[in-house]
Amino acid sequence: MSTDNAIQLYSTLSQKKEALRTIEPGKVRMYVCGMTVYDYCHLGHARVLVAFDVITRYLRHRGYDVTYVRNITDIDDKILRRADENGEAFDALTDRMIDAMHEDERALGVLAPDDEPRATAYIGQILEMIQTLIDKGYAYAADNGDVYYAVQKFETYGKLSKKKLEDLIAGARVDVSEVKRSPADFALWKAAKSGEVSWSSPWGEGRPGWHIECSAMSTCCLGNTFDIHGGGPDLMFPHHENEIAQSEAATGKHFVNYWMHAGAVRVNKEKMSKSLGNFFTIREILDKYPAEVVRYFLVSSHYRSQVDYSEDNLAEASNTLARLYQSLRGVVPAETVGETEFDRRFAEVMSDDFNTAGANTVLHAVASEINRLRRDGDDAEAASLATVLIRLGGVLGLLQQDPEVYFQAGGKDGLSPEEIEQQIEARAQARRDRDFAGADRIRDELAEKGVILDDSREGTTWRRA
RNA sequence: GGCGCGGUGGCAGAGUGGUUAUGCAGCGGACUGCAACUCCGUGUACGCCGGUUCGAUUCCGACCCGCGCCUCCA
């Protein structure tokens, strides 16, 4: 691995780490496939959201001017079906889900993308791209009003997912449709059934296929060629493969320099999927764990690795994050602190394909050092390192809360901070009176309600378990 | 069947051709009235079999096992 400052990132296309060379010096143009807004976001979405949020934060930390575009798919079969089931207009459903998505993002500390294009706002550009593809001979209109992409016309089809076209065509699972010329062809435009939401086009009333919107929006927002394109692991094929075919055929230009894919989320060692019924929405999880714990859980392993969601793993994340916040408790961070050895170590591991697990180790090293300094009474140096810890944590989207606020959040115990303070004072009096049985009784009672007391020379602080 | 990824100590999870992270849990000690927090100490783990090498968990090959995609899915 290079020891210079270049950021190395793994590209799915080349299947290896490559040094990041941006098209424009100092600028990164990145597009990430976002949500289809027919339901609440689940943990898998959170994984992608957090992964690319950290990537964006680190690139900016390193001085890059990042333009981060993440689309919203707000028209599609699933949306229409769900809206129909709910008896609501499709856009009422999507508006609701977009609001919910934004709430979830904010809770998880995910920064808003710079642009969040919606498919329905790009119908004109989508139609233009489809027309171009037809004009260039890459697409054809079927008799029923659908328009398809003729996959065999695109010579390098399969280069991203390493699939051979013959295998795909031979595969029995590919939808065989009479209107398609080849089983592997995919829809660019879908003719509307009667009563469905539709837009007019040269091929009749209809709506865009799933893949074309991302080609249209990404090239419109970022140009024919841009730096990074990301998404969830299951988007590699067919979605991203199709995007490449569409975009490169339409523009005649190389589409994307680096393809990045996050790892999958499993639940109790099983694939999380709708059919297994074991998927968790972000809001369900946030009901059980603080958002920062969920984020910490996600960030403590590498973005490309598979993670397993379980009670035990989240509980461990909670304990581990608490250790970091403990080191910050009662420390007033220094105003300004220059680059330290910890910053350098952090940059070194993060530059290696955004190794957040390695970065996490650096965070713990800083916390340990802070604890030692505090033990030795070197408060000034501890204050400096607290600033470093908060700074580095910030690059991962962590440790930005006041420690006391972090520890005292929750409050399902029915106790107000004032009541707890009163109890603490009562216990302090009992201790002064050498009434340790009485003092312990108060502490035990609070503990039963999930309030834990920590004594120190400066006094007693409390936190919620 | 095709393509891809991975098997690291009780668990989570990085990494490296030789000095064997980090965290959680456990154990011992310090601190404490007792705890909690914190600190110190403590665990020679790298699926299996060959090969290359002075030396492999790390490179190469075979094997076993797990996972993902190939179908809407982040």
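As a basis for the values below, the full set of heavy atoms in this structure was taken, side chains included, without hydrogen atoms, waters or symmetry mates.
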Please state the [atom1] separation for the pair [N] and [M] - nearest whole angstrom.
N     : M     : atom1 : result
B:U71 : B:A21 : P     : 45 Å
B:G7  : B:G41 : P     : 30 Å
B:C11 : B:C60 : P     : 27 Å
B:U38 : B:G23 : P     : 11 Å
B:G43 : B:G2  : C1'   : 44 Å
B:G15 : B:G9  : C1'   : 15 Å
B:G28 : B:C48 : P     : 32 Å
B:G47 : B:G66 : C1'   : 11 Å

So, does [X] get its side chain near the phosphate of [N], meaning an N or O under 4.0 Å from OP1 or OP2?
X      : N     : result
A:N360 : B:G13 : no
A:H364 : B:U22 : no
A:K164 : B:C70 : no
A:R372 : B:C40 : yes
A:R443 : B:A35 : no

More than 12 heavy atoms of other residues, nucleotides or ligands under 6.0 Å from [atom1] of [X]: is that the case?
X      : atom1 : result
A:E85  : CD    : yes
A:E348 : CD    : no
A:R96  : CZ    : yes
A:R434 : CZ    : no
A:K162 : NZ    : yes

Review point. Any side-chain heavy-atom pair from A:E116 and A:M101 closer than 4.5 angstrom?
Key: yes
Practice item. Flag the pair A:E270 / A:V267 as yes when at least one side-chain heavy-atom distance between them is below 4.5 Å, and no otherwise. Key: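 In short, these two side chains do not touch, never coming nearer than 4.5 Å.
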Candidates [options] - which lies nearest the side chain of [X]:
X      : options             : answer
A:R323 : B:C24, B:A36, B:G13 : B:C24
A:A357 : B:G33, B:A14, B:G15 : B:A14
A:T320 : B:C70, B:C24, B:C34 : B:C24
A:S301 : B:A14, B:C5, B:C34  : B:A14
A:D352 : B:G15, B:A74, B:C70 : B:G15
A:N355 : B:A14, B:C24, B:C69 : B:A14
A:T36  : B:A74, B:C69, B:A12 : B:A74

Practice item. Would you check, one step at a time, whether the test salt bridge (Lys or Arg N to Asp or Glu O under 4.0 Å) holds for A:R443 with A:D440? Key: CA-CA 5 Å; A:R443 185 172 64 195; A:D440 289 351; 3.5 Å; yes
Check the distance between [N]'s [atom2] and [X]'s [atom1] and give it to me in whole angstrom.
X      : N     : atom1 : atom2 : answer
A:L396 : B:G23 : CG    : P     : 16 Å
A:R266 : B:A12 : CZ    : C1'   : 15 Å
A:I72  : B:A74 : CD1   : C1'   : 15 Å
A:L321 : B:C24 : CG    : C1'   : 13 Å
A:D77  : B:C73 : CG    : C1'   : 13 Å

Looking across every strand, which nucleic acid part, if any, lies under 4.0 Å from [X] by heavy atom: base, sugar-phosphate, or nothing?
X      : value
A:F436 : base
A:R70  : nothing
A:R463 : sugar-phosphate
A:A264 : base
A:K78  : sugar-phosphate
A:S161 : sugar-phosphate
A:N319 : sugar-phosphate
A:G263 : base
A:N371 : sugar-phosphate
A:L453 : base
A:V265 : base

**Study point:** Stems involving RNA chain B, each a run of at least 3 consecutive Watson-Crick or G-U pairs under 3.5 Å
**Key:** B:1-7 with B:64-70, B:10-12 with B:22-24, B:26-30 with B:38-42, B:49-51 with B:59-61
Point to revise | 5'-most by nearest nucleotide on RNA chain B - A:R427 or A:Y296 | key: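 Comparing both residues, the 5'-ward one is A:Y296.
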Check your understanding: Does A:T361 or A:W210 map to a spot on RNA chain B nearer the 5' end, using the closest nucleotide for each?
Key ->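 By nearest-heavy-atom nucleotide position, the 5'-most residue is A:T361.
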Review point. Parallel, tilted or perpendicular: which fits the ring planes of A:Y406 and A:Y325, with parallel below 30° and perpendicular above 60°?
Key: parallel
Point to revise | Nearest-0.5 Å distance that lies between atom CG in A:L321 and atom CG in A:L314 | key: 11.5 Å
Point to revise | Point-to-point distance, once rounded to the nearest 0.5 Å, from CD1 of A:I442 to CD1 of A:I420 | key: 13.5 Å
Within the modelled atom types, does a donor on one side and an acceptor on the other bring the side chain of [X] and the base of [N] under 3.5 Å apart?
X      : N     : result
A:R434 : B:G33 : no
A:Q306 : B:G68 : no
A:D440 : B:G33 : yes
A:H42  : B:A74 : yes

